[in-house]
Amino acid sequence: MASLLLVAAVAAIAFIWLRGAQRNRLAWLKKLNLPGQWRSDSGVLTLEGDMDGGPYRLVEGTRREQGQWSLNGNQMKLAPASDEKPKRLDLRYFGPGEIGLDGPGLRARIYRRETDNVVPLKTSR
């Protein structure tokens, strides 16, 4: 009987911990508010989809890249649609509307969220 109570207590603690971790992650994602257009000194990063992943487009000078992005903890993964190897970037949150990305191909870039109310329409290609 005592072992059954111990198992029930451990299960209850694990459930409470997992629920708290899920709430913390959701709060973190809402704070980041990643989907949208982000502008740096060198280009524009457009993130679409959900709060933790979806399609992306990156335009820097003559460089054009698109693919899928996903977020795992404080790392953002950019997986280009081309045969390039996916990039893992460290994501830093500086405040509302300001993030930093650091990793292969995007060294120490600071992005600021575009705050206009213009909604881009899909164009046919």
Side-chain angles (χ1 to χ4, degrees):
M1 185 69 169
S3 63
L4 184 60
L5 287 175
L6 179 63
V7 168
V10 169
I13 290 170
F15 175 77
I16 291 169
W17 180 81
L18 286 173
R19 194 174 71 189
Q22 184 179 23
R23 282 187 196 158
N24 289 342
R25 176 169 167 68
L26 187 58
W28 167 247
L29 291 173
K30 284 181 180 177
K31 184 190 272 190
L32 286 173
N33 192 20
L34 288 175
Q37 276 200 342
W38 296 85
R39 186 170 299 278
S40 74
D41 293 338
S42 59
V44 176
L45 174 64
T46 304
L47 301 174
E48 298 172 350
D50 297 330
M51 290 188 295
D52 62 350
Y56 79 92
R57 285 186 316 278
L58 176 64
V59 178
E60 287 189 327
T62 59
R63 175 182 172 195
R64 307 241 185 283
E65 181 180 303
Q66 61 184 5
Q68 294 290 318
W69 70 276
S70 61
L71 190 64
N72 186 7
N74 66 340
Q75 282 201 337
M76 180 182 284
K77 179 177 140 185
L78 298 180
S82 64
D83 291 335
E84 289 182 54
K85 182 180 172 186
K87 299 180 215 39
R88 293 203 177 272
L89 308 167
D90 290 328
L91 173 69
R92 293 185 179 93
Y93 176 73
F94 296 121
E98 191 171 28
I99 60 171
L101 293 175
D102 186 32
L106 292 174
R107 289 279 176 214
R109 297 282 202 300
I110 296 177
Y111 288 91
R112 289 176 183 78
R113 187 176 217 357
E114 290 288 315
T115 56
D116 61 9
N117 61 357
V118 176
V119 177
L121 300 175
K122 289 188 176 189
T123 58
S124 60
R125 295 179 200 209

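Numbers here are sequence positions counted from 1. Because only heavy atoms are used, hydrogens play no part in the values below, and waters and symmetry mates are left out as well, while side chains stay in.
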Exercise. Do Leu34 and Tyr93 belong to the same hydrophobic cluster, where Ile, Leu, Val, Met, Phe, Trp and Tyr are linked whenever their side-chain heavy atoms lie under 4.5 Å apart, directly or via other members?
Worked result: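 In one cluster with Leu34: Tyr93, yes.
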
Problem set entry | ILVMFWY network linking Trp38 to Ile110, side-chain heavy atoms under 4.5 angstrom |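 No, Trp38 and Ile110 fall in different hydrophobic clusters.
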
Reported [atom1]-to-[atom2] distance for the pair [X] and [Y], which is rounded to 0.5 angstrom:
X     : Y      : atom1 : atom2 : value
Arg39 : Tyr111 : CZ    : OH    : 11.0 Å
Met76 : Asp52  : CE    : CG    : 10.5 Å
Gln75 : Asp90  : CD    : CG    : 5.5 Å
Leu78 : Lys87  : CG    : NZ    : 6.0 Å
Leu58 : Leu47  : CG    : CG    : 9.5 Å
Glu65 : Glu84  : CD    : CD    : 5.0 Å

Problem set entry | side chain to side chain contact (heavy atoms under 4.5 Å, CB included) between Lys77 and Asn72, intermediate numbers included | CA-CA 8 Å; Lys77 179 177 140 185; Asn72 186 7; over 6 Å; no

For this session: Could you tell me whether the side chain of Arg113 and the main chain of Pro35 form a donor-acceptor pair under 3.5 Å?
Result: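 Answer holds: yes.
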
Exercise. Does Trp69 use its side chain to pair, donor to acceptor, with the backbone of Glu48 at less than 3.5 Å?
Worked result: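 Here the side-chain-to-backbone pair exists.
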
For this session: For Met51 and Leu32, run side chain to side chain contact (heavy atoms under 4.5 Å, CB included): C-alpha distance rounded to whole Å, both residues' side-chain angles, the deciding distance at 0.1 Å, then the answer.
Result: CA-CA 8 Å; Met51 290 188 295; Leu32 286 173; over 6 Å; no

Problem set entry | Shortest non-hydrogen contact from Pro55 toward Gln68 |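 Where Pro55 meets Gln68 most closely, the heavy atoms are N-OE1, 3.6 Å.
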
Problem set entry | Passing option when Arg57 is tested against Thr46, Leu45, Val44 for side chain to side chain contact (heavy atoms under 4.5 Å, CB included) |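 Checked Thr46, Leu45, Val44 against Arg57; only one passes side chain to side chain contact (heavy atoms under 4.5 Å, CB included): Thr46.
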
Exercise. Does Leu101 reach the side chain of Leu91, with side-chain heavy atoms less than 4.5 Å apart?
Worked result: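 They are in side-chain contact.
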
For this session: Begin with the C-alpha distance, continue with both residues' side-chain angles, and end with the deciding distance and a verdict on side chain to side chain contact (heavy atoms under 4.5 Å, CB included) for Arg107 and Asp102.
Result: CA-CA 5 Å; Arg107 289 279 176 214; Asp102 186 32; 3.8 Å; yes

